[in-house]
Amino acid sequence: MRYSDAFIYTLREDPADAELISHKLMTRAGMIMKVASGIYNYLPLGLRVIRKIEDIIREEMTREGVAELLMPGTIPAELWKESGRWDYYGDELLRLKDRKQNEFCLGPTHEEVVVDVARRSVKSYKQLPTSLYQFQSKFRDERRPRFGLMRGREFIMKDAYSFHASEECLNDMYWRMHAAYTRVFNRMGLTFRPVEADSGAIGGDVTHEFHVLADSGEDKIIYCPSCDYAANVEKAKAKRSTEFTAIPSNAPALAEVETVGIMSIEDVSAFLKVESTQCIKMVVMKIDDNKFVGCLIRGDLELNEVKLRNFFRSNTIETPSDVELRDNKFACGYMGPINLEGKISLVADYSIMDITSGVIGANRENWHITGCVPARDLADMTYGDFATAGAGDKCPTCGETMADCRGIEVGQVFKLGTKYSAAMSMTYLDQNGKTATPTMGCYGIGVTRTAASAIEQNHDDNGIIWPREIAPFQVHIMALDPKDESVIGLAKEFHDKFESLKLDCLLDDRDERPGVKFKDADLIGCPLQVIIGGKSLKNGEIEVKLRRAGEKRMVAVDGAFDSILEILNSIA
RNA sequence: CGGAGAGUAGCGCAGCCUGGUAGCGCGUCUGGUUUGGGACCAGAAUGUCGCGGGUUCAAAUCCUGCCUCUCCGACCA
């Protein structure tokens with residue numbers, strides 16, 4: 001492709017509305033163009049990257065016997081009403097009506113449609129397992145779209161769905177997809193990690209998210225450097241004792257102590273001269289139907305709201321306001337499990353089980369209680385894991401000290417179970433001729449987000465540095481003197497040779513000054529640059545630059561193409 | 001959805017406080033000189049100043065309603 005045909009228009013300055021490096025660079029390199037908040041044009045250069053990513057995924061899906069189809073972006077409400085999500089999904093679902101006032105939505109995900117496809121075709125256990133996938137633009141009306149392609153409202157996703165006659169079969173597919181995803185992200189040259197994640201409202205025992213590691217990531221990942229354990233902070237566990245320690249013989253008695261204006265753990269620990277690890281805080285949250293729930297947890301730890309929400313099988317969880325708490329008879333800043341007046345379901349985190357002389361709130365303003373021994377005083381509580389794990393905690397698998405990092409969620413594998421197949425009455429006949437409901441898995445990769453995350457991970461001050469497998473072009477040839485027949489002639493010859501080897505090649509044939517071409521080439525970020533100029537050509541040389549290393553090499557014109565090819569193949 | 005900010009030429013911005021000819025840089029066009037890391041000189045084109053209402057002799061500027069966009073937070077099967 002010639003640059004003059006390629007519809008690439010770079011920007012010298014950062015766009016005003018971009019924050020994230022990938023957003024800035026994609027806009028500046030002429031890959032994307034904003035149309036509305038969270039909605040973008042994928043310009044020719046950007047689309048090339050997206051297609052490269054899709055092709056890699058496509059190959060790996062095919063390898064696992066997943067068949068590609070394309071479902072519509074616009075979905076009749078009927079299907080969503082059948083699954084029950086029409087009423088449940090909320091404002092993220094963009095709803096619209098056609099001229100006959102029939103209701104539709106723009107698909108944020110396609111479980112309903114794929115079940116409809118499968119149930120009309122699959123009637124027998126002999127047809128199972130079966131799986132389908134597509135690349136499709138999804139629409140989710142995010143409350144706050146941001147970060148360019150990272151969190152858009154319209155985005156391209158690969159979504160796959162599998163149907164099985166047994167749990168074992170689903171489990172097998174789950175791990176095959178897990179392996180396929182690992183191959184996909186490896187091939188793209190990304191540094192990533194599969195992590196255990198919370199399965200959310202759908203439930204299910206296992207789900208993994210695939211995260212590209214980057215400081216700008218919106219998720220926090222806790223991982224163990226010495227074993228495979230890695231989890232989203234929402235899910236992460238730490239190794240903690242789940243037994244009470246013995247009640248010490250000299251255990252102190254409970255005693256009220258006046259603590260005027262001392263409310264935070266920090267203040268309590270300083271005022272009473274106790275470690276925060278000997279304080280027990282009670283965190284109160286509000287779940288579905290405005291019910292209050294509370295959790296007792298060690299003073300230095302943080303409550304994990306997702307874990308608490310899951311325990312109570314609630315769809316929502318939120319922090320009540322101080323006013324709300326007081327209205328419901330909770331002594332703000334002095335809450336504790338003893339003498340509790342407010343109506344609440346209370347649980348306790350394992351972390352308090354080995355406290356031998358704890359400080360707790362007294363449930364009246366300006367008073368705390370000392371000498372709390374959970375093994376004695378809180379023995380009949382329901383104990384569980386409700387704490388947020390973090391760097392420094394021990395690994396639940398191997399006991400080593402864990403670390404944390406930021407990640408961008410680019411993929412997820414999920415065991416759906418029969419939620420949709422049952423709701424939408426998908427059935428087949430099993431070996432015994434009995435009606436059965438297939439169990440399902442679903443597996444997504446955010447294609448456009450993956451492109452953005454690749455840039456987050458691969459850039460420098462001059463621009464993008466594409467991993468070779470997803471670069472828009474493998475080679476970027478610059479004809480520095482395009483009017484010089486020997487220069488442009490050689491550039492074209494090389495270009496055609498690369499293309500004939502199925503190596504995408506961009507030929508900068510513009511009548512621009514060299515500096516402009518160099519800047520654009522670095523910004524666009526193709527892995528290998530071939531610089532052909534009149535002067536060096538007269539010396540029988542061509543310059544080759546490796547984008548990532550920044551290294552320049554001169555190669556002799558004689559046999560130059562083979563030399564360049566060799567250099568290209570040495571790039572990862 | 002709560003809090004904050006922005007909307008002026010294709011892009012990035014100034015002007016607004018204190019009302020009176022709409023500006024700068026980049027880009028674009030013409031001519032010339034240049035030509036290995038975003039050239040230089042000369043000339044030119046380009047604006048419903050987000051939209052509506054109001055105040056005023058006069059509004060980009062003051063008042064007001066709305067829209068859009070961005071940031072922080074909450075949210076994210």
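Values below: all heavy atoms of this structure, side chains included; hydrogens, waters and symmetry mates excluded. Just so it is clear: chains get the letters A, B, ... in the order the sequence lines come, proteins before strands, and each one is counted from 1.
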Nucleotide N/O to protein N/O under 3.5 Å, stretch nucleotides 42-47 of chain B:
none

Notebook entry, point to check: Paired with B:rA14 by Watson-Crick or G-U wobble geometry, both distances under 3.5 Å: which nucleotide is it?
Noted result: none
Next item on the list: List the steps and the verdict of side-chain contact (heavy atoms from CB on, under 4.5 Å) for A:Met173 and A:Ser131.
Entry: CA-CA 9 Å; A:Met173 187 64 183; A:Ser131 44; 3.7 Å; yes
Margin query: Using side-chain heavy atoms (C-beta onward) and a distance below 4.5 Å, is A:Arg449 in contact with A:Glu409?
Written below: yes
Margin query: Could you check whether A:Glu82 pairs with A:Arg119 (Lys NZ or Arg NE/NH1/NH2 to Asp/Glu carboxylate O, under 4.0 Å)?
Written below: yes
Check: When you match A:Gly38 and A:Arg151 each to their closest nucleotide on RNA chain B, which lands nearer the 5' end?
Finding: A:Gly38
Check: What distance, rounded to whole Å, do you find between the two P atoms, one in B:rC62 and one in B:rC72?
Finding: 28 Å
Checklist line | Interatomic distance, A:Glu19 CD vs B:rG73 P [rounded to whole Å] | finding: 11 Å
Note to self: Distance check needed: B:rG37 P versus A:Gln529 CD, whole Å only.
What the structure shows: 14 Å
Next item on the list: Would you check if A:Pro108 and A:Leu93 make a side-chain contact, meaning some heavy-atom pair closer than 4.5 Å?
Entry: yes
Notebook entry, point to check: Rounded to whole angstrom units, what separation is found between the CZ atom of A:Arg140 and the P atom of B:rC76?
Noted result: 12 Å
Next item on the list: Determine the interplanar angle of the A:His178 and A:Tyr174 rings, folded into 0 to 90°, and report it as parallel if under 30°, tilted if 30 to 60°, perpendicular if over 60°.
Entry: tilted
Next item on the list: Evaluate the side-chain proximity of A:Thr207 to A:Lys415: yes if any heavy-atom separation is below 4.5 Å, no if none is.
Entry: no
Item checked: Pairwise C1' distance, B:rA44 and B:rA60 [rounded to whole Å] -> 25 Å
Notebook entry, point to check: Which base, if any, makes a Watson-Crick or G-U wobble pair with B:rA44, both distances under 3.5 Å?
Noted result: B:rU28
Next item on the list: Kindly indicate, with the supporting measurements, whether the criterion side-chain contact (heavy atoms from CB on, under 4.5 Å) is fulfilled by A:His164 and A:Asp172.
Entry: CA-CA 10 Å; A:His164 309 269; A:Asp172 176 63; over 6 Å; no
Check: Taking the same atom, P, in B:rC49 and in B:rC57, what whole-Å distance lies between them?
Finding: 22 Å
Check: Roughly, in whole Å, what's the span from NE2 in A:His476 to P in B:rG37?
Finding: 16 Å
Next item on the list: Assign the ring pair A:Tyr40 / A:His23 to parallel, tilted or perpendicular, where the plane angle (0 to 90°) is split at 30° and 60°.
Entry: perpendicular
Checklist line | Aromatic ring pairing A:His208/A:Trp175, orientation class (parallel under 30°, perpendicular over 60°, tilted between) | finding: perpendicular
Next item on the list: Determine the interatomic distance between C1' on B:rU64 and the same-named atom on B:rG27; round to the nearest Å.
Entry: 38 Å
What does the list of N/O pairs under 3.5 Å between the protein and nucleotides 29-32 of chain B look like, with a distance for each?
none

Next item on the list: Sticking with atom P, work out how far B:rC51 lies from B:rG7, rounded to a whole angstrom.
Entry: 13 Å
Note to self: Tell me every residue that passes salt bridge (charged side-chain N to carboxylate O under 4.0 Å, His left out) with A:Lys291, counting only those two or more places apart in sequence or in another chain.
What the structure shows: none
Notebook entry, point to check: Could you give the CZ-to-C1' distance, from A:Arg510 to B:rG38, as a whole number of Å?
Noted result: 10 Å
Margin query: From C-beta outward on A:Lys545, which listed nucleotide comes closest to its side chain: B:rG36, B:rC71, B:rG37?
Written below: B:rG37
Next item on the list: Mind listing the residues from residues 512-527 of chain A sitting with a heavy atom below 4.0 Å of RNA chain B? Number order is fine.
Entry: A:Arg513, A:Pro514, A:Gly515, A:Val516, A:Phe518, A:Lys519, A:Asp520, A:Asp522
Next item on the list: Provide the Watson-Crick or G-U wobble partner of B:rA39, both distances under 3.5 Å; none if there is no partner.
Entry: B:rU33
Next item on the list: Flag the pair A:Val447 / A:Glu54 as yes when at least one side-chain heavy-atom distance between them is below 4.5 Å, and no otherwise.
Entry: yes
Notebook entry, point to check: Is there a donor and acceptor pair closer than 3.5 Å between the side chain of A:Lys552 and the base of B:rG36?
Noted result: no
Might you list the N or O atoms of the protein lying below 3.5 Å from N or O atoms in nucleotides 5-13 of chain B, with each pair's distance?
{"residue": "B:rG12", "atom": "OP1", "partner": "A:Ala16", "partner atom": "N", "Å": "3.4"}
{"residue": "B:rG12", "atom": "O2'", "partner": "A:Glu13", "partner atom": "OE2", "Å": "3.3"}

Margin query: Does the structure show a Watson-Crick or G-U wobble partner for B:rC71, both distances under 3.5 Å? Name it, or say none.
Written below: B:rG3
Notebook entry, point to check: Hey, does A:Gln412 reach any base, or is it just sugar-phosphate, or nothing, if we go heavy atoms under 4.0 Å?
Noted result: base
Item checked: P atoms of B:rG31 and B:rC16, separation to the nearest Å -> 40 Å
Next item on the list: Assess the pair A:Tyr161 and A:Tyr420: is the distance between their ring centroids shorter than 6.0 Å?
Entry: no
Item checked: Ion pair A:Lys81/A:Glu103, N-O distance below 4.0 Å -> yes
Item checked: Assigned partner base of B:rC66, Watson-Crick or wobble definition, under 3.5 Å -> B:rG50
Margin query: Between A:Asp215 and A:Arg406, does any NZ, NE, NH1 or NH2 come within less than 4.0 Å of an OD or OE carboxylate oxygen?
Written below: no
Check: Given that A:Ser536 and A:Gly444 both sit by RNA chain B, which one's nearest nucleotide is further toward the 5' end?
Finding: A:Ser536
Note to self: Rounded to whole Å, how long is the line connecting atom CE of A:Met285 with atom P of B:rA74?
What the structure shows: 11 Å
Notebook entry, point to check: Can you tell me if the side-chain N/O atoms of A:Ser37 get under 4.0 Å from OP1 or OP2 in B:rU70?
Noted result: yes
Margin query: Please tell me if A:Lys34 has a side-chain N or O lying less than 4.0 Å from either OP1 or OP2 of B:rU70.
Written below: yes
Notebook entry, point to check: If you measure from the Lys or Arg side-chain nitrogens to the Asp or Glu carboxylate oxygens, is any gap between A:Asp460 and A:Arg547 under 4.0 Å?
Noted result: yes
Next item on the list: Give the nucleotide from the list B:rG37, B:rG27, B:rC71 with an atom nearest to the side chain of A:Arg12.
Entry: B:rG27
Next item on the list: Return the value, rounded to whole Å, for the distance between atom OH of A:Tyr40 and atom C1' of B:rU70.
Entry: 10 Å
Note to self: From CD of A:Glu218 over to P of B:rC75, roughly how many Å is that when rounded to an integer?
What the structure shows: 13 Å
Next item on the list: Quick one: list whatever passes salt bridge (charged side-chain N to carboxylate O under 4.0 Å, His left out) with A:Lys545, sequence neighbours left out.
Entry: A:Asp522
Item checked: Residues A:Glu196 and A:Lys235 bridged, charged N to O under 4.0 Å -> no
Check: When you check the phosphate oxygens OP1 and OP2 of B:rC72, does a side-chain N or O of A:Arg144 lie under 4.0 Å from one of them?
Finding: yes
Note to self: Pairing check on B:rG19: which nucleotide meets the Watson-Crick or G-U wobble criteria with it, both distances under 3.5 Å?
What the structure shows: none
Next item on the list: Rounded to whole angstrom, note down the P distance from B:rG5 over to B:rA9.
Entry: 23 Å
Checklist line | Between B:rC67 and B:rG52 - P atom distance, rounded Å | finding: 15 Å
